[in-house]
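Accompanying notes for the structure given below.
Atom set for the values below is all heavy atoms of this structure, side chains included, hydrogens, waters and symmetry mates excluded. Indexing begins at 1, ligand by ligand and atom by atom, following the structure's order.
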Amino acid sequence: MIPLRQQLGFRNFILALIMMLVLSLASSAVQIYSDWQATTRNMENQVHQTLGLLEESAIQAAYQLDRVLAQRIVVSLMKTPSIFKAEIKDDWGNKLAETERPVMNSSVYWYDNNFIERYRTFAHTLTLPEKGIGVGSLEVSIDQAEIMKDFTRRSWQVVYIKLIESLITAMLFFGVFFFFVTRPIINITHNIAGLNTDPEHPELLDLPSRHKGDELGFLIKSFNNMLDKQLRIERSLTDREAYFRAVMEQASDGIFLLDSQGQLLDVNASACYALKHSKEELLSCSLFDICNEKYHDDLRAMIKEADFNTSITKEVEMYRRDKSINLMEIRTVQVKINDQTCLLSSARNIGKRKSAEERIKYLAFYDSLTDLPNRQLLNDRITQALRIANRHQHTGGILFLDLDRFKLINDSLGHSVGDNLLKQVALRLKSSLRSEDTVARLGGDEFVILVPEIPTEEYCATTGIQHLAQKILQLFKQPFIINGHKLFVSTSVGITLFPQAHAVSIDDLLRQADTAMYQSKRQGRNQLCFYQQQLQESVNERLTLEKDLHHALENEEFELFYQPQVNMQGQLIGMEALLRWRHPQHGLVAPDNFIGVAEETGLILPIGKWVLEESFRQLISWQEQSLPESFRRLSINISPKQFIQPDFVDQLEALQQQSGIDSSLICLELTENMLIENIEAAASQMRRLKALGVHLSIDDFGTGYSSLRYLKTLPLNELKIDKSFVHDIRTDASSLTIVETIIAMADSLDLEIIAEGVETQADQELLESLGCQHFQGYLYSRPVPAAECAHMFTSEPMALLD
Ligand code: C2E
Ligand code: CA
Ligand code: CA
């Protein structure tokens with residue numbers, strides 16, 4: 001209960017009372033003042049009236065100096081209670097009559113000279129009315145205390161009434177205020193204090209119907225809303241806390257709540273279990289007490305750096321109760337609990353994961369049988385060795401080892417003997433090498449030794465590595481004892497050196513060493529071979545080829561095969577002449593194998609000339625047999641060297657005239673790049689050919705520097721879409737796009753288009769749908785000798801080959 005003095009109603013009452021008192025005093029003062037003015041005015045009027053009444057008699061008495069009359073007048077004046085003295089004087093100022101009575105002792109004596117004069121004198125000059133001559137004066141003195149007696153009484157009455165009125169109003173006001181405001185508020189306060197806030201059965205305030213629309217009703221409603229909101233928040237907080245508690249307790253990770261000094265404030269069951277401590281024991285520790293000292297700096301950093309958004313992860317060793325060690329990964333994040341900034345750490349045992357990771361890492365780089373580096377690690381080391389060798393200009397080597405007849409041992413003695421043998425080989429190899437060298441197992445019985453830098457103090461690098469390889473061969477001289485079997489095993493070694501004149505990849509290096517190793521096998525096993533020898537052989541091969549090529553023409557070893565070109569109806573529209581070399585030893589050799597050499601040696605010129613002669617001759621012979629109507633041209637491949645001869649056109653013209661062939665039946669296939677290299681010369685050469693009536697086609701179109709700019713300036717007839725695009729057209733979007741572009745280009749330049757390498761009906765259909773109308777490829781026929789072409793010369797659609 002609030003003490004009365006502090007109650008709002010009471011304080012209002014006092015305040016109102018004071019204000020009303022002040023107001024009533026002020027209004028009393030105003031009232032009294034105006035009363036005072038009226039009273040004095042009355043009194044003055046009364047005196048003047050009285051004097052007026054007696055004036056005539058007084059003039060007479062003064063004029064005639066009639067003392068008796070004067071005396072009568074002053075006596076009659078004394079009948080007025082407030083007049084206590086009266087006198088009449090003549091015009092000389094001599095008193096004719098005077099009377100005075102003693103003034104009474106007044107209770108309002110205090111007025112005297114404090115606020116107002118108590119005594120006032122009124123002098124009235126006596127003048128003869130007709131003559132206007134002053135004859136004397138009449139003076140009266142009055143005692144205002146007499147008048148004030150009434151006035152004072154009235155004034156007190158006013159003050160009393162006003163005060164009582166104020167008091168009553170203030171009390172009424174207090175009563176009303178108490179009844180309508182204070183008491184309901186007190187009730188509400190009581191009700192609030194007595195509310196049941198148990199979240200399970202919460203109560204709200206009653207809203208009395210009389211307060212429904214007023215401020216108190218509004219207050220109650222607002223309070224209820226607030227209470228409801230608070231209850232809901234409380235409930236969700238409780239639920240959440242329960243949820244978090246459950247999550248914490250159920251978590252398989254250990255969870256620690258720490259203060260900013262690392263003191264443990266809470267832990268879950270998993271944390272207790274992992275550290276084999278009771279909860280009470282842990283709560284008396286700090287994080288530093290349960291972690292190995294060498295991680296303390298890490299932990300301090302973690303505590304400092306963790307914030308609300310980023311968790312910090314550290315690996316630490318935590319002590320169990322028995323001081324054994326648990327490798328944990330702890331992730332820490334800042335949290336705020338009851339306004340205190342804390343840290344929440346979850347700790348996971350990563351001992352097992354670590355060892356598994358290490359094992360996986362190991363397996364990724366090591367061979368599980370021999371524990372030697374595997375191909376992956378070897379590749380890394382070769383990359384590094386190549387880089388260093390390039391930088392420091394020293395020589396390194398790669399030895400490729402393959403055990404001889406290992407398969408035999410494996411098959412006859414079983415895999416476990418095989419495996420053990422591989423292990424022992426690995427051991428022997430490892431023990432015989434320097435620490436900077438790497439011996440790796442690539443799989444099966446293949447081992448690779450990487451020597452990043454061959455020591456060259458005594459010998460040159462080649463001799464140095466040869467010595468090493470011999471040492472290794474020597475290692476195998478001692479038998480291996482495996483499961484009681486005494487095994488004699490040898491190995492074949494292939495060697496390659498790096499860096500090399502041209503940039504080589506790791507795969508190249510390994511392939512070279514592998515090739516050299518096979519060379520060793522071929523030479524009878526148990527020996528070493530350098531890759532260089534292999535190279536020498538291919539050089540030799542090429543030299544013989546070149547030598548043979550010189551005689552091929554005179555020995556008439558060349559032949560032309562022909563491949564048909566067809567239109568959409570499958571009718572024969574042309575043939576392409578393709579060169580073949582019938583080598584006395586190697587049989588039929590494809591042009592890709594000798595055209596390059598022929599070009600390098602210049603032999604391509606007589607060969608090319610022979611091709612022209614032979615193809616013209618063949619065409620004349622076919623013409624005689626009658627070609628189908630649809631046939632338009634014979635295509636002949638021209639090598640760049642041949643084409644740029646200044647007299648190429650003359651040669652061709654001479655051959656054409658000799659053979660008597662119609663030049664419009666000839667189409668020359670040129671390659672893009674040869675045109676680009678010397679576009680001016682090529683263009684003039686082509687213009688002359690065009691003038692002859694010869695058709696010009698660009699072979700393998702799309703693989704070179706295809707550019708509209710030069711296409712426009714050259715007198716071309718046809719573009720031949722390269723077979724590589726046709727091959728991929730249905731599987732590779734970019735090939736499709738290229739083909740589409742080529743066809744569009746040909747269209748815009750008004751060139752014919754032919755696709756080569758068409759192998760399936762689907763290829764043809766797709767090309768057709770793109771706007772290509774001429775085709776060449778295995779779908780219609782492979783290149784065949786002239787003798788086999790006769791069946792193609794029908795006007796019927798060409799039968800497809802099986
Ligand atoms: P090329 O001019 O692009 O000739 C087309 C090549 O594609 C021919 O190879 C042909 O056999 C092959 N081919 C034809 N249809 C198909 C098919 O459907 N699928 C596949 N995968 N290939 C097909 P070939 O006869 O071995 O000729 C190879 C290259 O040698 C020719 O390519 C040409 O550049 C050159 N060549 C051939 N004969 C001569 C010649 O007389 N003089 C010159 N200078 N070069 C020639
Ligand atoms: Ca060709
Ligand atoms: Ca081609």
For ligand 1, which atoms, with element, lie under 4.0 Å from some heavy atom of [X]?
X	result
G777	15 (N), 18 (O)
E576	2 (O), 4 (O)
D700	3 (O)
S639	44 (N)

Does some side-chain heavy atom of P584 sit less than 4.5 Å from a side-chain heavy atom of E557?
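The answer is yes, as the side chains (C-beta and beyond) meet within the 4.5 Å cut-off.
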With the threshold set at under 4.0 angstrom, would you say E599 reaches ligand 1 through any of its heavy atoms?
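Under 4.0 Å: no for E599.
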Taking the non-hydrogen atoms of G608, is any one of them nearer than 4.0 angstrom to ligand 1?
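Judged by the 4.0 Å heavy-atom criterion, G608 does not count as contacting ligand 1.
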NZ/NE/NH1/NH2 to OD/OE distance under 4.0 Å, [X] and [Y]:
X	Y	value
E446	R441	no
D404	K521	yes
D508	R511	yes
R405	D411	no
D763	R730	yes
E752	R632	yes

If you consider just the N/O/S atoms, which atom of E576 is the closest one to the Ca ion (ligand 2)?
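Of all N, O or S atoms belonging to E576, OE2 is the one nearest the Ca ion (ligand 2).
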Using only N, O or S atoms, tell me which atom of E669 is closest to the Ca ion (ligand 2).
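This turns out to be OE1.
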Could an N or O of ligand 1 be found under 3.5 Å from any N or O of P783, whether backbone or side chain?
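No; the residue has no nitrogen or oxygen that sits under 3.5 Å from a nitrogen or oxygen of the ligand.
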Do any nitrogen or oxygen atoms of K723 come within less than 3.5 Å of a nitrogen or oxygen of ligand 1?
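Min N/O separation from ligand 1 is below 3.5 Å for K723.
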Can you give me the OE2-the Ca ion (ligand 3)-OD1 angle for E756 and D700, to 10°?
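It is 90°, given to the nearest 10°.
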Do any of the N/O/S atoms of N637, backbone or side chain, fall under 3.0 Å from the Ca ion (ligand 2)?
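True for N637.
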Looking at D700, I742, D699, which one forms a side chain to side chain contact (heavy atoms under 4.5 Å, CB included) with K720?
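It is D699, the one option of D700, I742, D699 that forms the side chain to side chain contact (heavy atoms under 4.5 Å, CB included) with K720.
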Heavy-atom protein contact below 4.0 Å for atom 9 (O) of ligand 1:
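Within 4.0 Å of atom 9 (O) of ligand 1, no protein heavy atoms are found.
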Distance from [atom] to nearest protein heavy atom, with residue and atom:
atom	answer
atom 15 (N) of ligand 1	Q563 NE2, 2.7 Å
atom 21 (N) of ligand 1	E759 OE2, 3.1 Å
atom 13 (N) of ligand 1	Y778 CE2, 3.7 Å

For atom 43 (C) of ligand 1, tell me which residue out of N637, N593, L579, L612 has the closest non-hydrogen atom.
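Checking each option, the heavy atom nearest atom 43 (C) of ligand 1 is found in N637.
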Which N/O/S atom belongs to D699 and is the closest one to the Ca ion (ligand 3)?
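Closest to the Ca ion (ligand 3) among those atoms: OD1.
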Are F498 and Y531 an aromatic pair, judged by ring center distance below 6.0 Å?
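No, they do not, as the ring centres are separated by 6.0 Å or more.
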